[in-house]
Amino acid sequence: MAERVASLAAGAWPRTTPIADRVSATPGSSSFDLRQLLFAALLGMTVLFNPLLALVNAQIFAVAGGMVVAIQGLIVIAALALGALQRDDPPYRWIALTWGLTMLLVAISAVRAELSLKNFGDILIIPAFICLGTRLRGSTLVRLVIALQSLLLLVGIWELASPAGFGATFKVISYYVNTRGFDQDAFWAGGDLFLSSERPKGRMLLDGFGLHRGSSLFLEPVSLGNWTIVIAVFIAAFWSRLSHAARIFLILSNAALLVICDGRLALSVNLVLLAYLPLARKIPGWASAFYLPGLFLLLLIAMQFGFLPAGGDTMPGRLRVGMDALLTIDLANLLGVGIVENAFADAGWAYFIQTQSLIAALAVWLMLTLTSTGEEGGGRMAKHGIAVFITLCLPISYSILSIKTVAVMWAFYGYFYARANRMAKSFEPDPAREATI
């Protein structure tokens, strides 16, 4: 008590902290820890609900696509509600973005005379899990990520060791045929694994070992590759908050998952992050706003000089597909009211614009890159890493909109946003105190 009085006399005035960082007022009370457990369980379900539904589909009864949409919708709504409905310092910025995007999509749906719940889900995942992240402790995020990473590694090793057992357990083909409308004849890989579990030219990493491309609990390899990118950003952003053992485990397990999924794009982005993020901690966060338009201009120049040849399942070829799609979007699709072209599925930015509109795309990008996540190392690396991920993946794939890989990423973005907001407010002068001077 004497130390407390002395600190106040010295000018160390108490600071009001939001719910996410407040210790329970009742000694020994576990009510707040139970809240953190609830937040972590909800975030963990974004990774687990698909394999759980696949298990139900394989072993109990056929699961329809509507059930997947309904469960994902409930998770997103719960994340938004738990994140937004807090008494202290609600994330008004992200609540406003949610409202604006919802109203825009309602207007677009009215013009189209068609309501797509998937389009709502794709974009509302971002503010919903940022809001949830504002309520999470850093320690909660670290424990959750380590738990998920451990589970993904174990299931991934099992999948490679026993593809028949993995396939019989989850029956991936049946799940995607029943819930996504896939054509069973398109699954050329054989067995019960996802259609891209094998490439016509074989694996890139560990070729010759007779291994397929693993997917672990994500059920398809691309999402597992995207997860390794999210974890790479997480490791960099939380580096100072991780123990030596946690650092070693996350680095080694992420390398193992990268080999398991054998993702070319995932490997490339991970290498870019490895080289760039140590430098990014010295670069202001707002600079990330230039990444995506900068890449567009760079690819446009490359096309003019013939460095992006059309055709071929190569990185330049896929980037060319993305650029061709983006450059051929008409005004109706720019406004989000045109006919959705399925061909844009391999051109993420064109797909995002035609389903959400250019207005929504610009609003989300500028909000994410110009909102402060802190100018210390962790906050800067989180924002730069996420912006690099979006910039390098969106031109060729819309898989980064998938809840099962990016919900955790948006949650730790929200954590750093809330942390930066608290730090900024802690330096604001107290009006009552200023009046007495």
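Keep in mind it's a predicted model, so treat the numbers as computed, not measured. The residues of the chain are indexed from 1 along the displayed sequence.
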- Which atom pair, heavy atoms only, marks the closest approach of Ser399 to Thr405? O-OG1, 4.1 Å
- Could you tell me whether a side-chain N or O of Thr373 sits under 3.5 Å from a main-chain N or O of Gly379, the two making a donor and an acceptor? yes
- Message: Whether Glu375 and Lys383 form a salt bridge (side-chain N of Lys/Arg under 4.0 Å from carboxylate O of Asp/Glu) is what I want to check.
- Response: no
- Message: Donor-acceptor check, side chain of Gln36 to backbone of Arg137, threshold 3.5 angstrom: yes or no?
- Response: yes
- Task: Let me know which of Val155, Val47, Asn50 forms a side chain to side chain contact (heavy atoms under 4.5 Å, CB included) with Phe218.
- Result: Val47
- His384 side chain vs Ile283 backbone, donor-acceptor pair below 3.5 Å: yes
- Query: Hey, are the side chains of Asp122 and Gln356 touching, using non-hydrogen atoms and a 4.5 Å cut-off?
  - Reply: yes
- Message: Please find the pair of heavy atoms, one from Ser240 and one from Arg247, that lie closest to each other, and give the distance.
- Response: CA-NH2, 4.0 Å
- Message: Could you report the tightest heavy-atom contact between Gly83 and Thr134, atom names first, then the distance?
- Response: O-OG1, 4.0 Å
- Item | Whether Ser397 side chain and Cys393 backbone form a donor-acceptor pair below 3.5 Å | no
- Message: Is any side-chain heavy atom of Tyr413 closer than 4.5 Å to one of Ile126?
- Response: no
- Query: For the ring pair Phe166 and Phe170, is the centre-to-centre distance below 6.0 Å?
  - Reply: yes
- Side chains of Thr102 and Thr98: closer than 4.5 Å at any heavy-atom pair? yes
- Pairs involving residues 280-305, ordered by first then second residue, that meet salt bridge (charged side-chain N to carboxylate O under 4.0 Å, His left out) (sequence neighbours left out): none
- Only one of Phe238, Trp410, Phe39 clears ring-ring contact (aromatic ring centres under 6.0 Å, His included) with Tyr415; which? Phe238
- The side chain to side chain donor-acceptor pair (under 3.5 Å) partners of Arg143 (sequence neighbours excluded) come to none
- Item | Donor-acceptor under 3.5 Å (Thr371 side chain, Leu368 main chain) | no
- Side chains of Leu358 and Asn333: closer than 4.5 Å at any heavy-atom pair? no
- Note on the structure: Here the pair of heavy atoms bringing Leu104 nearest to Ala360 is CD2-CB, 3.7 Å
